[in-house]
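Bear in mind the structure is a predicted one, so any value in this text is a computation, not a measurement.
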Amino acid sequence: MSFSIENYFSDQPKDNIILFYKGNVDSDVINHVLDSVEEKMVAVNDNPKLRKKVYNVLVESLQNLFHHVDKVPDDFEEQVEKYGLLVVRKVGDGYKIVTGNFVQQENMEKLEEKIKRINRSSHEEIKELYKFILNHQRISAKGGGGLGLVDIARKTGNKLDYAFVQYNDSYSFFYLDILVTEEKEN
Amino acid sequence: MEPIIIEGTPKTPTVKFDSAAGIFEIKGRSIPENSVEFYKPLVDWLESYKETPLAKTTVNIRLEYFNTSSSKCILDVFKKLEAIHKAKNEVEVNWYYEEDDEDMLEAGEDYESIIRVPFKMIEITD
């Protein structure tokens, strides 16, 4: 089977998708996505607490893409600077936000280590980790603060679901699967 | 000192730093991709204010959303205020959060635990 970024979704429900985007993630795209999802949440009368959580998680996911994506492989069909994928789907009493982006092999380990560290931490530990990074780490040359994933885990109270799908010897496609519900799970 | 007055946009907050009254306000949404660009002038301004501050400075933070990149810049703002406070001037931070917004309350508590300046947590009810 040849690589397709949509394969990941082939066995997942297609209903209730409120937003699907793939392509360059620039500032205008981020604005547009945020406006559009916010409007839809207001239209279906989601309560403000859930709306705020979803909005916050969307901001962090999109800006993670904006600040951190690796350049696309040379043979990839869409040669843009910051290629990313975003799917927002309504599920039960919350929303599922999936992002996808290319990661170079040498950056994979560090990313996975970061996620694993977050996932084995309790809510209290995540809170402390957030404060530690806030107080000790400077904003990187790429413009990120290193807090995005920690913030997502903290606000949702959920583990970060993720997958690396190999694209070729030097690249994988990274999927991050986030569930946002009104109340924290733990 | 000239005050700072910046109108808010969908991604950046309204800012009013009134040096004559000693009342500083940041209000709205703070979710720019490049938060340093937005906050650096504010931090620089506070650095100058620090030289001749009023006896009392009141800071009102009333944010609806802020991203993690802003959170570091907001900490830099607070660090300047901490220095003013340390130099024996009165500084008070009023941290507003909307009813039920535990995340925003917790964010305020994070700063309160890092910065040695009195914080007041104020719930907005309508």
Side-chain angles (χ1 to χ4, degrees), chain A residues 25-32 34-35 38 47-67 82 123-124 126-152 154-157 180 182-184, chain B residues 8-13 28-40 42-43 62-82 95-117 119 123-126:
Chain A
V25 180
D26 59 22
S27 203
D28 287 341
V29 167
I30 294 176
N31 297 351
H32 181 77
L34 291 173
D35 284 350
E38 192 173 34
N47 82 39
K49 199 170 169 182
L50 176 63
R51 244 164 41 206
K52 275 188 197 167
K53 272 194 200 289
V54 171
Y55 194 88
N56 265 311
V57 170
L58 261 183
V59 169
E60 293 307 322
S61 332
L62 289 164
Q63 293 184 344
N64 260 347
L65 294 176
F66 181 87
H67 291 300
K82 296 174 176 192
H123 187 66
E124 247 347 272
I126 289 174
K127 217 170 135 171
E128 288 309 313
L129 178 63
Y130 183 98
K131 273 202 277 188
F132 181 83
I133 299 172
L134 174 65
N135 202 11
H136 294 95
Q137 204 165 291
R138 306 311 304 164
I139 290 176
S140 74
K142 279 181 163 181
L147 276 170
L149 290 174
V150 182
D151 189 58
I152 290 169
R154 182 177 178 181
K155 293 225 166 83
T156 63
V180 191
E182 188 184 327
E183 297 299 330
K184 286 174 192 155
Chain B
T9 72
K11 281 176 127 167
T12 54
R29 296 183 174 194
S30 182
I31 53 167
E33 278 79 44
N34 188 344
S35 52
V36 175
E37 191 179 74
F38 183 83
Y39 281 94
K40 179 149 193 315
L42 306 187
V43 173
R62 199 170 179 149
L63 289 167
E64 187 191 358
Y65 294 113
F66 65 92
N67 61 359
T68 54
S69 132
S70 297
S71 71
K72 294 206 172 227
C73 296
I74 294 167
L75 183 67
D76 288 340
V77 166
F78 284 143
K79 286 201 164 147
K80 292 289 171 216
L81 296 166
E82 184 178 44
W95 182 273
Y96 291 86
Y97 63 99
E98 281 175 47
E99 197 176 2
D100 267 2
D101 192 347
E102 286 155 32
D103 292 332
M104 193 54 82
L105 171 61
E106 276 192 20
E109 290 168 349
D110 285 353
Y111 289 118
E112 186 181 22
S113 72
I114 296 172
I115 299 292
R116 287 186 193 85
V117 168
F119 270 66
E123 187 174 358
I124 307 163
T125 48
D126 32 37

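Looking at residues two or more places apart in sequence or on another chain, you find a side-chain contact (heavy atoms from CB on, under 4.5 Å) between B:N67 and A:V59, A:E60, A:Q63, B:I31, B:P32, B:S69, B:S70. By the side-chain contact (heavy atoms from CB on, under 4.5 Å) test, A:N135 is found to be paired with B:L75, B:K79, B:I114, residues two or more places apart in sequence or in another chain being considered. The side-chain contact (heavy atoms from CB on, under 4.5 Å) test applied to B:T9 returns B:K11, B:T12, not counting sequence neighbours.
Contact between B:T68 and A:G148 at its shortest, heavy atoms only, is OG1-N, 3.9 Å.
Only the side chain of A:E38 comes within less than 4.5 Å of a heavy atom of chain B; its backbone N, CA, C and O stay farther away. Contact annotation for A:L62: neither backbone nor side-chain heavy atoms come within less than 4.5 Å of a heavy atom of chain B. Using a 4.5 Å cut-off between heavy atoms, B:D101 contacts chain A through its side chain alone, with no backbone atom that close.
Contact annotation: the side chain of A:L134 approaches that of B:K72 to within less than 4.5 Å [non-hydrogen atoms, C-beta and beyond]. Between B:E64 and A:Y55, every side-chain heavy-atom pair lies at or beyond the 4.5 Å cut-off.
Within 6.0 Å of the CD atom in B:E123, the count of heavy atoms belonging to other residues, nucleotides or ligands exceeds 12.
Salt-bridge check for B:E98 with A:R51: failed, with every basic side-chain N at 4.0 Å or more from each acidic carboxylate O. Checked for salt-bridge contact, A:K52 and B:D103 miss the test: no charged N lies under 4.0 Å from a carboxylate O.
For residues 25-32 of chain A, the interface with chain B (any heavy-atom pair closer than 4.5 Å) comprises A:S27, A:I30, A:N31, sorted by residue number.
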